[in-house]
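Report on the following structure.
Both backbone and side-chain heavy atoms feed into the values below; hydrogens, waters and symmetry mates do not. It should be emphasised that the depicted structure is a prediction, and the values quoted were computed from it without experimental measurement.
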Amino acid sequence: MAKIVREPIQVYLSADERAELDGAARDMGVSRSEVLRRGIGLAGGVAYAGPLRDLVEGGYLTPATTGPGAPPPSAPVASLRKILAELTADRGET
């Protein structure tokens with residue numbers, strides 16, 4: 001049988017997120033880690049639809065993983081207007 005190698009990861013959660021995670025683990029009868037693993041599996045299978053799908057599929061835009069707010073200072077983010085203008089230019093549209 002192949003040995004499963006796991007890698008540690010650190011995640012910062014708000015009090016509400018931690019409570020939701022704990023509740024899900026309790027309701028499912030599994031560890032918090034297992035809830036996160038299952039959530040990652042589900043998120044990987046999500047097909048994004050709507051007007052931004054091309055941007056998501058092209059890797060230009062990633063779906064939100066947190067609520068609205070200012071982006072972290074160490075991760076500059078292009079405005080959606082700029083991204084859409086570049087996409088339009090790349091497609092040769094006017």
Side-chain angles (χ1 to χ4, degrees):
M1 185 169 162
K3 182 178 178 182
I4 297 175
V5 178
R6 294 207 167 128
E7 204 176 302
I9 187 168
Q10 186 171 7
V11 179
Y12 294 92
L13 302 175
S14 68
D16 290 343
E17 292 166 333
R18 177 64 183 261
E20 189 171 341
L21 177 61
D22 289 340
R26 183 179 52 255
D27 293 346
M28 296 168 68
V30 298
S31 67
R32 291 188 303 254
S33 296
E34 183 60 22
V35 171
L36 294 172
R37 283 186 204 99
R38 291 179 186 186
I40 290 167
L42 289 172
V46 172
Y48 298 98
L52 300 179
R53 187 185 72 215
D54 290 343
L55 294 175
V56 172
E57 289 177 354
Y60 298 104
L61 181 68
T62 56
T65 55
T66 61
S74 62
V77 178
S79 71
L80 182 57
R81 178 174 287 147
K82 180 179 178 184
I83 292 171
L84 291 174
E86 289 175 2
L87 182 61
T88 300
D90 288 346
R91 290 181 173 173
E93 300 171 359
T94 55

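- One hydrophobic cluster, built from ILVMFWY side chains closer than 4.5 Å, cannot hold both Ile40 and Ile9; they sit in different ones.
- Checked for salt-bridge contact, Asp22 and Arg18 meet the test: a charged N lies under 4.0 Å from a carboxylate O.
- Judged as a side-chain hydrogen bond (donor to acceptor under 3.5 Å, both in side chains), and not counting sequence neighbours, Glu7 has no contacts.
- Taking CZ from Arg32 and CG from Leu36, the interatomic distance works out to 9.0 Å, rounded to the nearest 0.5 Å.
- For the pair Glu34 (side chain) and Ser31 (backbone), a donor-acceptor distance under 3.5 Å is absent.
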Applying side chain to side chain contact (heavy atoms under 4.5 Å, CB included) to Val30 and Arg38, what does each step give before you reach the verdict?
CA-CA 10 Å; Val30 298; Arg38 291 179 186 186; 3.6 Å; yes
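- Atom CD1 of Ile83 sits about 12.5 Å away from atom CZ of Arg81, to the nearest 0.5 Å.
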